[in-house]
Structures are given as C-alpha cells and as structure tokens.
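Quick notes on the structure that follows.
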Amino acid sequence: MKRIIGTICVNLWLVISVAAQAPEITKVDPPSWWIGSSVNPVRLMIRGRNLQGARVQVSGLRVGIPKVNDRGTYIFVDVSIAQPGKHDISVTTPRGSARASFEVLAPLNRTGRFQGFSPADVMYLIMIDRFADGDPSNNQPLYDRKNKFYYHGGDLQGVIDHLPYLKDLGVTAIWLTPWYDNYDRLNEIELKEDKPTTGFHGYNPQDFYAVEEHFGTQAKLRELVETAHRSGIKIIQDEVMNHTGPYHPWVDDPPTPTWFNGTKANHLNNAFQTWSLHDPRPVELLQRETMKGWFLDFLPDLNQDDPEVSRYLIQNTLWWIGTTGLDGIRMDTWQYVPNSFWRRWTKALKREFPNFRVVGEVKDGDVVHTSFFQGGKVQFDGIDSGLDSLLDFPLFYPIRHAFAQGKPIDEIPKTLAKDYVYTNPDILVTLLGGHDDGRFMSEEGATIAGLKLANAFVLTTRGVPQLYYGDEIALEGGDEPTTRGDFPGGFPGDKRNAFTAGGRTKDQQDLFEFIRRLTTLHRELEPLKSGSLVNLYVSEQQYAYARYLRHNVAIIVFNNDNKEAEIEFGVSPLFILNGTLLHDRLGVARDVIVRDDKLRVSLPKRSVAIFAIHSTQRVL
Ligand SMILES: [Ca+2]
Ligand SMILES: [Ca+2]
Ligand SMILES: [Ca+2]
C-alpha cells in the first residue's frame with residue numbers, strides 16, 4: 001500500500017511537473033495590426049511561461065524565426081500582415097502547446113483622421129478622471145471623491161457627453177491625459193502626504209496596449225474619436241515612452257536583459273540635471289543620471305537603446321493611431337529619452353501618418369533649452385529629432401507673471417524676441433495653465449480680469465492655443481493635486497452644473513462668454529490663425545502687436561496696468577489706409593481712426609482690444 005501511494009505520488013509529481021512545464025501565453029503585443037501599414041512584418045512580443053525552445057505559427061500568416069528570452073517568459077517574432085480577420089497563434093514546445101489570437105484589421109479610412117494639429121486649432125486639456133463621470137459602473141475600485149489621490153470617476157463617456165459643451169466653447173482639439181491601463185491596486189511605492197496613491201492621472205502605465213478600465217474600453221475610445229471627429233474636434237493622445245509605472249510586470253521580468261536602464265534593485269536615481277542634455281561638453285555622469293535615472297527613484301526607466309524596446313514603443317504609438325484614427329500626440333517627459341530614438345520614432349510616425357503632429361513636454365522656462373528639442377534641423381549632436389512642437393513653457397511663466405501677478409507685461413515680448421532660436425515658433429503650443437502647475441486663479445494677485453487678458457493673449461499670439469479644463473470657469477487649485485479638481489457638474493451629486501449657463505456664477509458666465517468670443521474671433525479672423533506676428537508697441541504695462549496676412553490684419557492692444565492708459569503707436573508696417581475707422585471686436589475700446597500711419601488707443605485698466613482690418617482698408 002505504501003509503495004502504491006509512493007508510485008501515485010511520483011506519477012502525480014510527474015503530471016504536475018509536465019503540466020507546469022507546458023507553455024502558456026498570457027499576452028500578445030500588439031493584439032492586432034492593419035493591412036497596408038508601412039510596418040510589415042510586425043514584431044509580436046508574446047508573454048507567457050515555459051516558452052524555451054518554442055516554435056510559433058500564426059494561422060494563414062508567415063512568421064519569422066522566434067527569439068525567446070532566457071527565462072522563457074517572452075518570445076519576439078515577426079509576423080507578415082495579410083488576410084484581414086482573426087488568426088490563431090500557436091506556440092509549441094516539446095512539452096506542449098498554447099494558443100492565443102491575433103487580428104488583422106482593414107485599415108481605417110484616412111479621410112478626417114490622423115489630422116495633426118495647427119495654429120488654427122484651439123486645444124483643450126482634459127484630465128480624464130476629473131472632467132465628467134459618464135459611466136458610474138466603472139468607478140470602483142480605488143474610488144473616493146474626497147481623496148484627491150484616488151479615482152473620482154471621470155471617464156471617456158463623460159468626455160463624449162460633453163462634446164457639445166466643448167464645441168460651444170470653441171474647442172477644436174482635445175488633449176486627454178493618458179488612457180493607458182494603470183495599476184489596479186493601491187500604489188504603495190509612490191506616497192503622497194505619507195499615504196498610498198493611485199494612477200488616476202494615467203502617467204504610470206501598467207499595460208501600453210490597454211485602456212484603463214476606470215476610463216472605458218478600446219471600443220469606447222474608438223467611439224470618442226469618431227464622435228469628436230463628427231463634431232469637428234480632434235483627439236490628441238498623451239503618451240509616455242520614458243518610463244513605466246512601478247508595478248509594470250516587466251519590472252520583475254524584463255523581456256530582455258537591457259529592457260530598462262538598470263533594475264529595480266540597481267539603478268540610477270534621476271538627477272534632473274536637464275541642462276546637461278544639451279551641453280556640448282557634458283559631465284557624462286550628470287547626463288547619464290538625467291537620461292537613464294529612474295524618476296523619483298522608482299519609475300522604471302525604459303532603455304530605448306535596446307532595439308526591442310525601440311521597436312516595441314514605435315509599434316505601440318502607431319497602433320494607437322492606426323486603430324483609433326486619432327490626430328496628434330502630446331509626449332510626456334520628452335527630454336529624458338534619447339534624440340537618437342526620437343529620430344527613429346518620428347520617422348516611423350510620419351511615414352505612416354504624414355499629417356500627424358507631436359508636441360513634446362519639456363518643462364523648462366528657458367528658450368535655448370527648450371528649442372534644442374525641436375526638430376527641423378540637425379543639432380550639434382548630429383541628430384534632427386523630428387519633433388514638431390513643444391509646450392511653450394518659456395512663455396507660460398511670463399504669462400503668469402504679467403497677467404496673474406500683475407508684473408510688467410514686457411517680459412512677454414522679451415521672451416518672444418528669442419523666437420528665432422526655434423526652427424518653428426509658430427507651431428509651439430501656448431498655454432496659461434496645465435495639470436502640473438497650480439491654476440491661474442490660485443496665483444497671488446490673480447483676478448478674473450487678469451485671466452481674461454491671459455486668454456486673450458494665448459488666443460491671439462503666435463502658436464497653437466491650449467486651454468486647461470476648468471480655467472474657463474476660473475477654477476482654483478494651487479498645487480498639483482488640487483489643480484486637478486473635479487469639473488463642477490461632471491459628477492453625480494454635484495450641487496451645480498457649470499457645464500450649463502444656469503450653473504455658473506455671474507463671474508464664471510462672464511469669463512466663459514469672453515473666452516467664447518475669443519475662440520470665435522480666432523476662428524473668424526484668419527490672421528489670428530496663420531498671420532505673421534509683428535510687435536507695434538511695448539512699455540512696462542502696455543503691449544500692442546499685429547498678426548498679418550497679405551490681405552487681412554488683426555491688431556491686439558493690451559493694457560495690463562491697474563489704471564486707464566492711452567498709447568499711440570505707428571502702424572506703417574501694416575499699410576492701413578489713413579482715415580480708416582477701426583472697431584474693437586471685444587467692445588471695450590472706443591473706435592479709433594488711423595491718422596499719419598498711427599493709432600491712438602485708450603484702454604480701461606486691465607483690458608484688451610482686438611481690431612480687424614480688411615484688404616479694402618489697406619494699401620496693397
Ligand atoms: Ca466613471
Ligand atoms: Ca487599471
Ligand atoms: Ca530616460
């Protein structure tokens with residue numbers, strides 16, 4: 001009897017052992033691709049167990065020779081894209097086989113998709129979790145509206161529901177914070193105020209090929225892009241390629257030995273010495289710590305110099321665009337990723353989607369620093385990164401200083417005077433607020449009047465204007481979590497609904513209408529979209545400039561002072577007929593007449609005027 005039990009035990013052990021060694025597939029990246037792509041074959045990364053020695057077949061498709069990592073947890077294999085439909089992936093080893101599926105899609109029609117963005121757009125940044133809860137069924141877990149570091153319920157359906165509101169405000173492009181799947185449990189690694197946090201902001205990707213379940217599904221994302229496009233609104237995806245979330249499965253099981261810069265146990269801490277990134281004679285260690293160090297010592301830094309990482313990230317970007325039809329990308333933490341990678345990435349992107357545009361986040365107030373990262377020319381490092389646009393932080397700070405704090409307005413033209421350093425200043429994305437800074441209205445000295453001026457400036461100067469959700473109703477929030485407050489009316493139980501005129505205070509309504517008038521002028525006056533910029537008058541608290549085209553001109557005049565001002569300035573560069581009567585389209589300044597090629601404009605305290613001039617009023 002003892003011997004029989006012993007034999008059974010041994011046999012059982014063998015069965016378990018054989019079963020344990022049979023291959024398993026847990027994930028396939030990408031899960032699909034489309035016919036006619038510039039990338040063919042596509043490199044699949046198959047995650048699983050016991051994959052050593054695997055052969056890979058995909059029904060109906062040609063595959064290359066698989067490469068398996070030492071631990072048998074990842075296979076890299078090329079598959080040639082053909083024959084739309086679902087295909088079976090089978091992975092076979094001497095110990096068994098496993099299956100998964102892969103889909104070949106028909107390509108999306110290019111009409112009205114992959115549009116890029118331009119200075120004709122009005123961009124609006126939404127933090128998905130904090131804008132509107134359109135589907136309470138996806139709110140759990142980690143849901144607590146009283147905890148500013150938890151999920152608050154905002155989702156893609158909430159954005160879809162408020163497209164008419166955004167259209168009414170004059171928005172033509174929405175930049176959404178990352179919708180990648182983030183960690184599903186409490187983040188005990190990143191503590192805020194000594195407590196665990198969540199990935200409500202989206203910047204800690206857990207799966208680069210999935211939509212965060214709090215926000216919706218891939219199908220819901222498709223629906224959002226389609227619905228937005230029907231409303232004439234583009235969608236900008238927020239991407240992260242520098243790092244993953246601290247709990248990404250790759251951290252404990254990297255697909256290649258060099259997948260990350262270092263390991264969880266042994267890596268550099270990011271030193272944030274960003275100046276060293278464009279230093280022609282850098283201190284090598286400072287540069288390495290900044291480029292390869294882990295953010296806050298715990299965000300795993302992806303190694304884009306590893307060819308498999310590079311390939312994975314490039315395909316990932318193309319996949320989101322190619323399967324949803326979205327229009328642009330805002331790239332997080334641009335400067336911490338090597339230009340050599342960006343060159344490959346932007347080339348692949350433009351090859352597949354020629355009209356597509358990318359704006360990079362380089363959070364720095366210095367023009368020289370920021371301009372180093374814009375593409376369009378080969379920099380001293382021998383590389384043209386190919387990056388179209390940057391968030392214009394060098395202009396953001398002067399905007400805050402002048403219009404929020406009431407400091408001299410001339411810091412703005414002094415900053416714009418450095419524009420020649422950029423390869424293309426006209427495509428920079430200008431902003432007066434964003435999700436990483438305290439809100440405008442929480443700056444010391446901020447007033448609604450100042451916020452109006454800031455909006456008027458952003459919507460009339462060169463660049464692509466970007467608004468931040470809630471700034472149009474003067475939301476407050478002085479630091480990083482509170483700047484990401486809930487839009488009133490977007491959530492169940494909200495006492496008032498500021499998405500409707502009746503739910504706004506008098507001040508909010510006044511501000512909202514002012515911004516809507518500005519976006520209307522931006523849409524109607526061609527020079528505000530594509531005109532050249534020329535400065536006409538600068539003093540400590542007054543600033544006048546024109547945007548001009550061959551036929552049309554717009555003149556914008558600011559008085560940032562706390563008292564009335566009258567200024568006179570020459571307009572001869574604009575060839576306006578003397579005697580022409582100009583009317584302020586914002587209805588603040590009195591009508592003015594051009595005399596001796598000059599304009600004399602009186603403005604109440606802290607106000608702005610916009611004069612539009614047509615071709616019949618010019619000497620052409
Ligand atoms: Ca929800
Ligand atoms: Ca998740
Ligand atoms: Ca990095």
Side-chain angles (χ1 to χ4, degrees), residues 126-145 150-162 178-187 197-218 220 224 240-249 258-262 267-274 276-277 286-306 309-310 313 331-342 345 360-362 373 486-487 490-494:
I126 288 176
M127 178 152 266
I128 301 173
D129 183 58
R130 303 296 165 90
F131 187 61
D133 182 358
D135 178 6
S137 76
N138 59 22
N139 289 356
Q140 296 293 349
L142 310 174
Y143 171 74
D144 181 359
R145 284 193 63 202
Y150 276 47
Y151 285 93
H152 288 192
D155 48 34
L156 299 175
Q157 184 62 53
V159 179
I160 294 173
D161 294 344
H162 293 91
W179 56 63
Y180 304 116
D181 185 20
N182 272 234
Y183 191 48
D184 300 337
R185 293 194 286 277
L186 266 186
N187 181 343
T197 54
T198 74
F200 75 89
H201 46 70
Y203 288 99
N204 293 346
Q206 175 81 1
D207 182 348
F208 284 92
Y209 277 101
V211 173
E212 168 56 41
E213 66 278 5
H214 284 91
F215 300 158
T217 60
Q218 177 76 6
K220 189 54 71 181
L224 168 61
V240 187
M241 309 249 117
N242 179 61
H243 54 262
T244 70
Y247 293 97
H248 198 294
T258 54
W259 196 260
F260 291 111
N261 290 311
H267 58 260
L268 296 169
N269 186 9
N270 201 307
F272 297 111
Q273 296 296 306
T274 51
S276 70
L277 300 177
L286 283 189
Q287 197 174 63
R288 188 152 42 92
E289 282 176 337
T290 307
M291 191 59 82
K292 302 188 172 190
W294 292 27
F295 264 50
L296 311 170
D297 214 16
F298 57 71
L299 288 184
D301 198 69
L302 287 162
N303 174 20
Q304 295 84 7
D305 293 334
D306 178 321
V309 173
S310 170
L313 294 174
M331 181 59 72
D332 190 59
T333 47
W334 178 275
Q335 59 184 331
Y336 303 95
V337 174
N339 271 336
S340 50
F341 167 73
W342 288 133
W345 183 84
E361 179 219 18
V362 172
F373 298 94
D486 299 350
F487 196 105
F491 299 82
D494 281 357

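It should be emphasised that the depicted structure is a prediction, and the values quoted were computed from it without experimental measurement. Count residues from 1 along the sequence. Note that ligands are numbered from 1 as they come in the structure, with each ligand's atoms numbered from 1 the same way.
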Please find the N/O/S atom of [X] nearest to the Ca ion (ligand 2) and write down its name.
{"X": "Asp181", "result": "OD1"}
{"X": "Glu212", "result": "OE1"}
{"X": "Asp184", "result": "OD1"}

With the Ca ion (ligand 1) as the point of reference, which N/O/S atom of Asp133 is the closest?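 Atom name returned: OD1.
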Considering just N/O/S atoms, say which atom of Asp135 is closest to the Ca ion (ligand 1).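 Answer by atom name: O.
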Check whether any N, O or S atom of Gly153 sits under 3.0 Å from the Ca ion (ligand 1).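 Gly153 does place an N, O or S atom closer than 3.0 Å to the Ca ion (ligand 1).
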Just wondering, is there an N, O or S atom on Asn139 that's nearer than 3.0 Å to the Ca ion (ligand 1)?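 Yes, since at least one N, O or S atom of Asn139 sits under 3.0 Å from the Ca ion (ligand 1).
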Side chains of Asp297 and His267: donor-acceptor distance under 3.5 Å anywhere?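 Yes - a donor-acceptor pair under 3.5 Å links their side chains.
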Does the plane of the ring in [X] sit parallel, tilted or perpendicular to the ring in [Y]? Use 30° and 60° as the thresholds.
{"X": "Phe272", "Y": "Tyr336", "value": "perpendicular"}
{"X": "Phe487", "Y": "Phe131", "value": "perpendicular"}
{"X": "Tyr247", "Y": "Tyr183", "value": "parallel"}

Do the side chain of [X] and the main chain of [Y] share a donor and acceptor less than 3.5 angstrom apart?
{"X": "Gln157", "Y": "Lys220", "result": "no"}
{"X": "Gln206", "Y": "Asp181", "result": "no"}
{"X": "Asn182", "Y": "Gly202", "result": "yes"}
{"X": "Trp345", "Y": "Ser310", "result": "no"}

Confirm or rule out an N/O/S atom of Asp207, from backbone or side chain, lying less than 3.0 Å from the Ca ion (ligand 2).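 Asp207 does not place any N, O or S atom closer than 3.0 Å to the Ca ion (ligand 2).
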Restricting to N/O/S atoms, is Asn182 within less than 3.0 Å of the Ca ion (ligand 2) or not?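 Under 3.0 Å: Asn182 contacts the Ca ion (ligand 2) through an N, O or S atom.
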Three-point angle Asp155:OD2, the Ca ion (ligand 1), Asn138:OD1, rounded to the nearest 10°: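 Reported to 10°, the angle equals 90°.
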Kindly state whether the ring of Tyr203 and the ring of Tyr180 have centres lying under 6.0 angstrom apart.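 Centroid distance Tyr203-Tyr180: not below 6.0 Å, so no.
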Checking side chain to side chain donor-acceptor pair (under 3.5 Å) against Arg145, which of Asp494, Asn139, Asp133 comes through?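 Only one option passes, and that is Asp494.
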Any chance you could measure Asn138, atom CG, to Tyr151, atom OH, to the nearest 0.5 Å?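 Going from the CG atom of Asn138 to the OH atom of Tyr151 covers 10.5 Å.
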Going by chain and residue number, what protein N/O/S atoms come nearer than 3.0 Å to the Ca ion (ligand 3)?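 For the Ca ion (ligand 3), the protein N, O and S atoms that sit under 3.0 Å away are Asn242 OD1, Met291 O, Asp301 OD1, Asp301 OD2, Tyr336 O.
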